[in-house]
Amino acid sequence: MPNMMRLEGIASFVAIAEAGSISEAARRLRLSKSVVSERLAELERSLGAPLLHRSTRKLALTEDGSTFLEQAARIMHDVDAAAASLAERRSELQGPLRIAAPVTFGRMHLGPALYPFLARHQALELTLDLDDRRVDASADGYDAVVRHGPVADSRLTVWRLAPSRRVLVASPAYLGRHGAPSTVAALKEHRGIFYTNRSHADWRFVGPGAPRIVRGRPALCVNNGDMMRDAAVAGLGLALLPTFIASAAVRAGELRVIALDAEAEAEFIYVAHPEGRRASAKLRALVAAMRAAFGEPPYWDL
């Protein structure tokens, strides 16, 4: 009967659905596979309906499972939010929180913003995965993802963390050899260092008239911002970098900002969580701490 359902069974079912397997769900819940399987079986008995097809290697939801999952996920997140709200009132944020973020931003700025917050809330169990790929927050089991640039996924609720200005830079050595371009049109004559997750149509500028996209000649395509900056410092070509990556090298004289007849398209750093889930008190507190640490304009801006 539904009134005999246990919360731990609902939690196990939601974890299995999000993880795609009982083994992965057990790892995330820090339980044995047999315990998670038994909790799922008990939940199915109480509902009188199978929630998962077990005939394939990867578990699939039954029709009843798909119907039940939406409400079950909301129940679990409401319970988590309620518990976290009580903890926040006692200044005791606690429990697991799993976030994904880009590698360079995480290493340079997110970590230093998080360490004091975690020191104040030692019952909080934060897992931070640094990865430049576009992770699926819901499918990969994240409470939130930090992203740089536009977020086009309609399944995510998006909050702005900080503005992110991008600047075109090159080393003094490169500019000495090739000269500094003064117009967007002149960029076609220069070699560029491009971020592969965006392709080499990433040079986007706004000015008089419509936005302009320039396809430069690639000297290097790489999926890491640190390496883009280092390649620019080494004189390989021009790079369009966010100031959170470029500012230290510019201040040290290793890179110079190039002024053109248009500005690089404005962007933001966001935190996003799956739509339909109420943001927990611990996530809200974490976002507030990050905003306070970054400032506006952010401390890394030029």
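All residue numbers in this chain count up from 1 along the given sequence.
- Between atom CE of residue Met227 and atom CD1 of residue Ile193 there is a gap of 10.0 Å, rounded to the nearest 0.5 Å.
- Within the 4.5 Å cutoff, no side-chain heavy atoms of Val145 are placed close to those of Tyr270.
- Both tests do not hold together for Arg212 against Phe205: distance to the six-membered ring centre under 6.0 Å, angle to the ring axis within 45°.
- Checked against salt bridge (charged side-chain N to carboxylate O under 4.0 Å, His left out), Arg165 has the following partners two or more places apart in sequence or in another chain: Asp301.
- Note that CG of Leu168 is 4.5 Å distant from CD1 of Ile258, once rounded to the nearest 0.5 Å.
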Exercise for the section: List the steps and the verdict of salt bridge (charged side-chain N to carboxylate O under 4.0 Å, His left out) for Asp226 and Arg107. Expected result: CA-CA 10 Å; Asp226 286 321; Arg107 183 186 62 79; 2.8 Å; yes

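- Across all their heavy atoms, Leu51 and Glu44 have their closest contact at N-OE2, 2.7 Å.
- Considering every non-hydrogen atom in both Gly9 and Leu43, the closest pair reads O-CD2, 3.6 Å.
- Among all heavy-atom pairs drawn from Pro163 and Phe268, the shortest one is CA-CD2, 3.6 Å.
- For the residue pair Ala293 and Ala113, the shortest heavy atom distance occurs at CB-CB, 3.7 Å.
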Handout entry: Verdict with reasoning, Phe117 to Leu124, per side chain to side chain contact (heavy atoms under 4.5 Å, CB included)
Key = CA-CA 10 Å; Phe117 177 80; Leu124 194 63; 3.4 Å; yes

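- Residues Ser247 and Arg251 meet the side-chain proximity criterion, which asks for heavy atoms closer than 4.5 Å.
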Handout entry: Check against side chain to side chain contact (heavy atoms under 4.5 Å, CB included), Arg204 and Leu240
Key = CA-CA 9 Å; Arg204 297 173 178 268; Leu240 186 62; 5.9 Å; no

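- Distance alone, capped at 3.5 Å, places no donor-acceptor pair between the Ser171 side chain and the Leu255 backbone.
- Although no hydrogens or angles enter the test, the distance criterion places a donor-acceptor pair under 3.5 Å between the side chain of Arg217 and the main chain of Glu189.
- Residues Met228 and Phe194 form no side-chain contact, since every pair of their non-hydrogen atoms from C-beta on lies 4.5 Å or further apart.
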Exercise for the section: Begin from the C-alpha positions of Ser21 and Ser23 and carry the test side-chain hydrogen bond (donor to acceptor under 3.5 Å, both in side chains) through to its verdict. Expected result: CA-CA 5 Å; Ser21 74; Ser23 297; 5.0 Å; no

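- The aromatic rings of Trp300 and His109 sit tilted, their planes meeting at an angle between 30° and 60°.
- The salt bridge (charged side-chain N to carboxylate O under 4.0 Å, His left out) test applied to Glu296 returns no partner, not counting sequence neighbours.
- Expressed to the nearest 0.5 Å, how far CG of Asp129 lies from CD1 of Ile99 amounts to 10.0 Å.
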Practice task
Check the pair Leu69 / Val14 against side chain to side chain contact (heavy atoms under 4.5 Å, CB included), numbers first and verdict last.
Solution key: CA-CA 7 Å; Leu69 177 61; Val14 171; 4.3 Å; yes

Problem - Pair Ser164-His148, side-chain hydrogen bond (donor to acceptor under 3.5 Å, both in side chains): steps then yes or no - result: CA-CA 8 Å; Ser164 177; His148 175 245; 2.7 Å; yes

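- The aromatic ring centres of Phe244 and Tyr299 sit 6.0 Å or more apart.
- The main-chain N or O of Ala25 is never found under 3.5 Å from a side-chain atom of Lys33 such that the two would form a donor-acceptor pair.
- Side-chain heavy atoms closer than 4.5 Å link hydrophobic residues (I, L, V, M, F, W, Y) into clusters, and following such links, even through other members, never connects Leu286 to Tyr115.
- A 4.5 Å side-chain heavy-atom check between Val250 and Arg256 finds every atom pair outside the cut-off.
- A cation-pi arrangement is present between Arg98 and Tyr142, with the terminal nitrogen or guanidinium carbon under 6.0 Å from the aromatic centre and inside a 45° cone about the axis.
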Practice task
Take Val287 and Met290, measure what side chain to side chain contact (heavy atoms under 4.5 Å, CB included) needs, and give me the verdict at the end.
Solution key: CA-CA 5 Å; Val287 169; Met290 288 191 288; 4.2 Å; yes

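- Using modelled atom types, one side-chain atom of Asp261 and one backbone atom of Val184 make a donor-acceptor pair closer than 3.5 Å.
- Val233 and Met108 fall into different hydrophobic clusters, defined by Ile, Leu, Val, Met, Phe, Trp and Tyr side-chain heavy atoms under 4.5 Å apart, directly or through other members.
- Relative orientation of the Tyr174 and His190 rings is tilted, given thresholds of 30° and 60° on the angle between their planes.
- To the nearest 0.5 Å, atoms CG (Leu110) and CG (Leu130) are separated by 7.5 Å.
- The main-chain N or O of Gly65 is found under 3.5 Å from a side-chain atom of Thr62 such that the two form a donor-acceptor pair.
- Closest approach of Leu187 and Pro181 over heavy atoms only: CD2-CG, 3.8 Å.
- In the hydrophobic clustering of this structure, Phe105 groups with Val103; members are Ile, Leu, Val, Met, Phe, Trp, Tyr whose side-chain heavy atoms approach within less than 4.5 Å, directly or through other members.
- More than 12 heavy-atom neighbours from other residues, nucleotides or ligands sit within 6.0 angstrom of CD on Glu8.
- In this structure, Lys282 NZ and Asp143 CG are separated by 6.5 Å, a value rounded to the nearest 0.5 Å.
- Between Leu31 and Arg39 the shortest side-chain heavy-atom distance falls below 4.5 Å.
- The hydrophobic clustering, which links ILVMFWY residues whose side-chain heavy atoms are closer than 4.5 Å, places Ile75 and Leu61 together.
- Arg6 has a carboxylate O that lies under 4.0 Å from a charged side-chain N of Glu42, or vice versa, which qualifies the two as a salt bridge.
- We find the CG-NE2 distance between Leu97 and His121 to be 11.5 Å, quoted to the nearest 0.5 Å.
- Within 6.0 Å of CZ on Arg291 lie more than 12 heavy atoms contributed by other residues, nucleotides or ligands.
- Summarising the geometry of Leu241 relative to Val169, their closest heavy-atom pair is CD1-CG2, 3.9 Å, with the distance given to 0.1 Å.
- With hydrogens and angles disregarded, a donor-acceptor distance shorter than 3.5 Å links the side chain of Gln122 to the backbone of Ala119.
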